[in-house]
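Fair warning: this is a prediction, and the values are worked out from it, not measured in the lab. The figures that follow rest on heavy atoms only: side chains count, while hydrogens, waters and symmetry mates do not.
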Amino acid sequence: MINAIQIGWKKTTAMVFGTAGLFTALYLIAGIALPQLPAPLIFCILGGLVLMPAEWFLIL
């Protein structure tokens, strides 16, 4: 049996909303800095670079 380390719900909530806040800030900055890129493309690029590794970290 694998012994899992459990963290509290406050820390988990802070990590999830902190990641979402960081992603939102980066999305707004990229949208303002690069107006020629379509919004879905910015979302996909940032999602692959920021959200996917952050969520893998939370899951693992």
Side-chain angles (χ1 to χ4, degrees):
M1 169 110 27
I2 297 175
N3 190 6
I5 299 172
Q6 294 185 2
I7 58 175
W9 65 272
K10 288 182 182 179
K11 186 174 181 181
T12 302
T13 305
M15 288 170 50
V16 168
F17 286 110
T19 303
L22 173 67
F23 180 77
T24 303
L26 289 174
Y27 183 74
L28 290 173
I29 291 169
I32 292 170
L34 302 168
Q36 67 273 19
L37 289 180
L41 180 61
I42 294 172
F43 183 82
C44 290
I45 291 170
L46 288 177
L49 294 175
V50 177
L51 280 184
M52 192 167 37
E55 295 302 324
W56 283 349
F57 173 75
L58 287 174
I59 291 170
L60 296 176

If hydrophobic clusters are built from ILVMFWY residues whose side chains come within less than 4.5 Å, do V16 and F23 share one? no
Table please: side-chain donor-acceptor pairs of residues 35-60 below 3.5 Å, with sequence neighbours left out.
none

If hydrophobic clusters are built from ILVMFWY residues whose side chains come within less than 4.5 Å, do L34 and L26 share one? yes
